[in-house]
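Since the structure comes first, as structure tokens, the remarks are kept for the end.
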Amino acid sequence: MSILKITDVVSGYGKAIVLDGLSLEVEEGKCHAVLGPNGSGKSTLLKTITGTLKPYKGEIYFKDSKITGMNTFKISRMGISLSPEGRRLFPDLTVKQNLEIATMFTQDKEKESKLEFVFNIFPRLKDRINQKAGTMSGGEQQMVAIARAIMIDPEILLLDEPSMGLAHIIKEQIFEGINKIKETGKTILIVEQDATMVMPISDSISILEHGRIKWSGNVSELENNDSLRNSYLGL
Amino acid sequence: MFANFLINGAINSSIYALIALGFSLTFGVAGIVNLYHGAYYMVAAYLVYFFITSGIPSFISVVLSLLIVMVLGAFLMKYPILYLQKKGESIYILIFTLGSAYFTQYLFKLLFGASYYSIPSFYDKSTKILGEVIPGSRLFAFIVSVITIILVLLFINKTKFGKQILATSQDKYAAELVGVNTSMIFVVTMSLAALLSGIAGIVISPFLSISPNMWLTTLLKAFSIVILGGLGSIPGSIIAAFFMGYLESFVSLVWTSSMTEVVFLVIVFIFLIFRPTGIMGKKTI
């Protein structure tokens with residue numbers, strides 16, 4: 001059953017159309033990856049889902065509710081959480097404060113168990129709990145961004161290029177964490193450029209080019225399709 | 001003489017801190033330089049004068065006046081300012097808030113004339129501190145200002161709502177991603193700023209005159225303080241308010257009180273040249 005359904009969405013910035021009739025479905029409990037080069041519309045897709053950009057055309061459904069054009073904070077409270085491009089942490093707040101701020105709209109008693117959960121995913125954060133987020137390394141900041149998105153306890157977690165600008169060893173730690181999240185049954189929609197990182201943790205994949213989905217299918221199909229991998233992923 | 005300097009400096013500083021806190025909060029959270037900020041101070045002073053002289057008990061007059069300025073602040077943010085902010089031009093907001101302040105000035109001039117008014121003191125008993133006799137009205141203004149500042153700081157740092165204000169001040173987009181209704185936070189912040197400025201306008205009314213142009217001097221002082229403290233920095237604003245308050249007392253003591261605004265502006269000018277980011281150097285709510 002699909003938890004997120006995007007139908008024929010046209011979206012962009014002013015007169016610049018970035019998503020041009022994009023349609024996509026994400027199955028509940030699965031990890032779906034959207035791969036594509038720079039400028040293909042990956043971040044625009046996530047901004048449109050989370051309400052930061054209002055689509056010019058098309059519809060977005062979360063479960064059975066239409067969320068097209070809704071405010072970002074309402075979409076977040078409905079259970080769609082984004083770890084955004086550039087991490088966007090609260091730089092003067094500590095790791096703990098960054099994480100706790102995401103639990104403002106949940107019961108206080110759940111805070112501790114959620115903290116334990118994210119420390120289990122990214123153990124390094126437990127050691128940095130009182131460090132100001134703005135003083136951390138890029139990889140650690142990415143961990144905080146994903147952990148903050150998880151603290152909301154979303155029904156679907158959206159990840160915007162979690163590997164961007166990170167060293168290979170740090171990317172591995174980040175994706176190990178994402179895999180742990182996936183193993184809990186959480187639905188994940190991840191947009192990435194690095195296919196080698198994202199393919200092992202994904203159930204299904206879409207390839208985005210010029211604002212349209214060029215191909216969708218499961219990972220094994222993509223692995224067995226040399227021409228597709230060569231054309232779009234350079235693998 | 002030194003005791004007088006110390007005590008008057010503390011009283012002036014606390015009132016300036018109260019006004020600057022609201023100005024700084026509006027900039028720090030919503031990124032808005034609100035040139036209407038001094039007008040809240042004037043509106044509250046006139047309203048409390050009007051209610052008291054209409055025979056309404058002082059306490060009720062104060063509460064009513066503060067409620068009205070809070071609603072005024074919320075209204076200005078919710079409708080015209082947020083609308084102009086969506087247009088993406090901060091200059092529109094500057095022009096709108098300045099124009100509205102002048103409109104309010106002329107409205108009150110029309111309603112009350114150009115005369116100077118004051119209201120009876122909320123606390124009459126003079127107190128001797130360090131050998132100096134301090135009028136009750138000034139002591140009351142100091143105590144109310146300090147308590148209000150402490151309460152606002154506790155509200156911001158300790159409550160759930162305050163944490164939403166903090167989050168919005170650091171990154172509006174990230175705050176929305178964790179579920180914060182930032183438009184509502186902007187409205188509440190402006191309302192809070194109006195409340196702070198309004199309280200200042202009311203507590204000074206027994207010993208300073210209520211007049212249609214009182215907002216401009218107040219705005220200039222608040223602006224000077226927040227530039228000195230660092231635009232959007234609450235700790236910086238409080239430090240700068242005390243610096244300016246004591247500077248004003250010092251200038252009055254060794255020169256003349258009419259020169260205090262000139263000295264304020266010279267200090268701001270020096271800071272703008274040599275340390276434009278202010279004392280704190282960055283936005284810190």
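Protein chains get the first letters and strands the later ones, always in sequence-line order, with residue 1 at the start of each.
The minimum heavy-atom distance between B/Gly179 and A/Ser76, with the atom names listed, is N-OG, 3.3 Å. Listed here is the closest heavy atom pair of B/Gln164 and A/Met104: CG-SD, 3.2 Å. The two residues A/Phe105 and B/Val180 have their closest heavy-atom pair at CE1-N, 4.0 Å.
Here CG of A/Asp92 is found 11.5 Å from CG of B/Asp171. Values are rounded to the nearest 0.5 Å.
Under the 3.5 Å distance criterion, the side-chain polar atoms of A/Arg88 are left unmatched by any main-chain donor or acceptor of B/Ala174. With hydrogens and angles disregarded, no donor-acceptor distance shorter than 3.5 Å links the side chain of A/Thr72 to the backbone of B/Glu176.
Neither the backbone nor the side chain of A/Ser83 comes within contact range of chain B; no heavy atoms are under 4.5 Å apart. Proximity to chain B (any heavy atom under 4.5 Å) is shown, for A/Ile75, by neither the backbone nor the side chain. In this structure, no portion of A/Arg87 lies under 4.5 Å from any heavy atom of chain B. The part of A/Ile152 that comes within reach of chain B is its side chain, from C-beta onward, which places non-hydrogen atoms under 4.5 angstrom from that chain.
Within a 6.0 Å sphere centred on OH of B/Tyr173, heavy atoms belonging to other residues, nucleotides or ligands number more than 12. Annotation for A/Lys57: atom NZ does not count as buried by contact number, only 12 or fewer foreign heavy atoms lying within 6.0 Å. No more than 12 heavy atoms of other residues, nucleotides or ligands sit less than 6.0 Å from atom OH of B/Tyr79. When the shell of 6.0 Å around OH of A/Tyr56 is examined, it contains more than 12 heavy atoms from other residues, nucleotides or ligands. Within a 6.0 Å sphere centred on NZ of B/Lys160, other residues, nucleotides and ligands contribute more than 12 heavy atoms. Within a 6.0 Å radius of NZ in A/Lys30, no more than 12 heavy atoms belonging to other residues, nucleotides or ligands are found. Residue B/Lys78 qualifies as open at atom NZ: its count of foreign heavy atoms under 6.0 Å is 12 or below.
Residues A/Pro84 and B/Leu177 are in side-chain contact: their nearest non-hydrogen atoms beyond the backbone lie under 4.5 Å apart. The closest side-chain heavy-atom distance from A/Phe73 to B/Thr182 is not below 4.5 Å.
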> Step by step, would you call B/Lys163 with A/Phe90 a side chain to side chain contact (heavy atoms under 4.5 Å, CB included)?
Replying inline: CA-CA 11 Å; B/Lys163 280 176 186 154; A/Phe90 304 114; over 6 Å; no

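Looking only at heavy-atom pairs under 4.5 Å with chain B, the residue among A/Asn98, A/Leu93, A/Leu89 that has the most is A/Leu93.
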